[in-house]
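Order of appearance sets the numbers: ligands from 1, and atoms from 1 within every ligand.
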Amino acid sequence: MYILGIESSCDESAASVLKASGQKTEILSNVIASQINIHAQYGGVIPEIAAREHVLHILPTIDSALKQAKITHKDIKALAVTQGPGLITSLIAGVESAKALSLIWKKPLIPVHHVIGHIYANFINRPQAPKFPLLALVVSGGHSNLIYMKEHYQFKIIGETRDDAAGEAYDKAAKMMGLSYPGGPIIAKYAEEYRQSGQKSTIQLPRPMLNSPDFDFSFSGLKTALLYQLQKDKNWKKRLSEYCFAFEQAIIETLIHKTLKAANKYQPQSIVLAGGVAANSALREQLSSNIKDKLPKIAFFLPEKQYTTDNAAMIASAGYFNYYKHKNKAFLDYSRFKARCDLKI
Ligand code: KG4
Ligand code: ZN
């Protein structure tokens, strides 16, 4: 069967066609109209501009996704769309478009939680799907979560951020250092330069909540600690790559510590990494080698990089597995379907 995925929760209008049968999934198209270049001029996402751009681009994006997949709307089983959380004016563009298409095409709708979508990026194009129980580390611009799944489409949040998300901390730290939006990829680039130089950094930044008894995160204090160090150091611009490295390592080491701690308690069969920050090569490598060394019995999964930052392939995948588990109960009538900026898992 074919599922059409639609995503518009922040600054990406995206559509994708997924072909699926049983546990096997294949992405036939993955189209993204990104607004990053527009928002970069302002140093962050401007909701009003994002909403206008979504309205302009969402239908052509859906059209391209169907054409690239070489199918028509008649072939699809259902539309899966991000219901929330996110910027409400951005979400509305995707949700209301999906509702209109559902009504005209007479195809059912599957609502998808954005964070669940990120987790299901790990189930795309897999010869061997992650096994349950599963532990997911979801790190994006809006979320930092540890989520335990006993089986498909069953979620228990066991850890979350108390303040800034990991990606948000990257973005705010980049702004403090005069770097462009989004901050993650650019800080990662400088950090990698420093890592490759083989030098030993003398910059000390805290690893927040490392020893707290729970699995929660907090990245706001780390960002402030960086700010104070920059203010004290007249030469910080000359040490930019070292500051980026120290900041990135503080985030990565905290994420790894908490993930391993949760894995020790919950004993999952698989660990999956997800969300925009999962595009970070250093996090991918360091988390992977830590799991291999310390928890060799647990299988570790990473989404392909194209499915880490916001995309609709992951939404189609989550929608499909919702249907796989709940059959027609996964469907929501268009008249009861509303975008929700504060949607809970
Ligand atoms: O999942 P995503 O596209 O949007 C949200 O759901 O929030 O994540 C975007 C976040 C941004 O904060 C961005 O800076 C971060 O992911 N990000 C990265 C990298 N690429 C994107 N952070 C660290 N390293 C990267 N390579
Ligand atoms: Zn996201």
Side-chain angles (χ1 to χ4, degrees), residues 5-14 16 30 32-36 39-40 43-45 47 50 81-87 90-91 94 112-122 136-145 147 160-161 164-177 179-193 195 217 219-220 222-223 244-245 247-256 272-287 302-315 317-318 341 343 345:
I6 299 172
E7 153 66 32
S8 73
S9 65
C10 189
D11 56 350
E12 255 101 27
S13 316
S16 168
N30 182 32
I32 302 176
S34 176
Q35 308 169 8
I36 282 182
H39 299 293
V45 178
V81 59
T82 306
Q83 183 178 21
L87 296 171
S90 287
L91 287 164
V112 174
H113 188 288
H114 184 78
V115 171
I116 304 306
H118 276 301
I119 295 176
Y120 274 95
N122 281 287
L137 171 65
V138 188
V139 270
S140 69
H143 296 86
S144 301
N145 284 129
I147 297 173
E160 61 194 343
T161 184
D164 291 353
E168 187 180 359
Y170 265 104
D171 295 339
K172 288 179 175 169
K175 211 167 189 178
M176 275 164 13
M177 294 187 281
L179 304 172
S180 63
Y181 170 85
I186 182 124
I187 288 187
K189 187 177 138 273
Y190 280 110
E192 194 53 32
E193 265 174 39
R195 210 172 273 118
F217 305 103
F219 293 112
S220 168
L222 168 63
K223 179 194 67 192
C244 288
F245 168 79
F247 179 78
E248 178 165 282
Q249 278 307 122
I251 292 193
I252 291 177
E253 287 167 27
T254 308
L255 293 174
I256 291 176
V272 305
L273 177 63
V277 183
N280 187 280
S281 301
L283 173 62
R284 292 165 81 92
E285 282 157 26
Q286 292 177 39
L287 181 57
L302 288 159
E304 278 177 46
K305 282 204 181 177
Q306 59 172 328
Y307 305 130
T308 53
T309 46
D310 289 349
N311 65 86
M314 67 185 200
I315 303 301
S317 174
C341 61
L343 188 67
I345 287 176

### From CA spacing to verdict: side chain to side chain contact (heavy atoms under 4.5 Å, CB included), Ile147, Val115
CA-CA 10 Å; Ile147 297 173; Val115 171; 3.9 Å; yes
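The shortest distance between side-chain heavy atoms of Phe219 and Val139 does not fall below 4.5 Å. Between His39 and Pro182 the shortest side-chain heavy-atom distance does not fall below 4.5 Å. A 4.5 Å side-chain heavy-atom check between Leu255 and Leu273 finds every atom pair outside the cut-off. Within the 4.5 Å cutoff, side-chain heavy atoms of Met177 are placed close to those of Cys244. Looking at heavy atoms from C-beta onward, Ile119 lies in side-chain contact with Val138 at the 4.5 angstrom threshold. Using a 4.5 Å heavy-atom cutoff, the side chains of Ser13 and Gln35 are in contact. Using a 4.5 Å heavy-atom threshold, the side chains of Asp310 and Ser9 count as touching. In this structure the side chain of Leu179 reaches within 4.5 angstrom of the side chain of Tyr190, judged on heavy atoms.
When only non-hydrogen protein atoms are considered, atom 24 (N) of ligand 1 lies nearest to Asn280 ND2, 3.0 Å. The closest protein non-hydrogen atom to atom 11 (C) of ligand 1 is Asp171 OD2, 3.5 Å. The shortest contact between atom 2 (P) of ligand 1 and any protein heavy atom is with Asp310 OD1, 3.3 Å. Scanning the protein for heavy atoms near atom 10 (C) of ligand 1, the closest one is Gly141 N, 3.4 Å. When hydrogens are left out, the protein atom nearest atom 21 (C) of ligand 1 is Gly276 O, 3.4 Å; that is the closest non-hydrogen contact.
Short contacts between ligand 1 and Ser140, defined as distances under 4.0 Å to a heavy atom of the residue, involve ligand atoms 1 (O), 5 (C), 6 (O), 7 (O), 8 (O). Atoms of ligand 1 lying under 4.0 Å from any heavy atom of Gly167, numbered from 1 in the order shown and given with element: 12 (O). Those atoms of ligand 1 that come under 4.0 Å of a heavy atom in Gly142, given as number and element, are 7 (O). Counting the atoms of ligand 1 from 1 in the order shown, those under 4.0 Å from a heavy atom of His118 are 1 (O), 6 (O). For ligand 1, the atoms closer than 4.0 angstrom to any heavy atom of Thr309 are 3 (O), 21 (C).
Every N/O-N/O distance between Glu12 and ligand 1 stays at or above 3.5 Å. In terms of polar-atom proximity, Gly184 is counted as a contact of ligand 1, with an N or O under 3.5 Å from an N or O of the ligand. Polar contact with ligand 1: absent for Pro182 (N/O pair, distance under 3.5 Å). Every N/O-N/O distance between Gly275 and ligand 1 stays at or above 3.5 Å.
For the pair Pro185 and ligand 1, a heavy-atom separation below 4.0 Å is found. Taking a 4.0 Å cut-off on heavy atoms, His143 fails to register as neighbouring ligand 1. Taking a 4.0 Å cut-off on heavy atoms, His114 registers as neighbouring ligand 1.
Interatomic distance, CG of Leu283 versus CD of Glu253, reported as 11.5 Å (0.5 Å rounding). Rounding to the nearest 0.5 Å gives a distance of 8.0 Å between CG of Asn145 and OG of Ser140.
For the Zn ion (ligand 2), protein N, O or S atoms under 2.8 Å: 3 in total.
The aromatic rings of His114 and His118 sit perpendicular, their planes meeting at an angle over 60°, well past the 30° parallel limit.
Applying the side chain to side chain contact (heavy atoms under 4.5 Å, CB included) test to Ala282 and every residue at least two apart in sequence or in another chain returns Arg195, Glu248, Ile252, Asn280, Gln286.
Closest heavy-atom contact between Ser144 and Ala166: OG-N, 2.8 Å.
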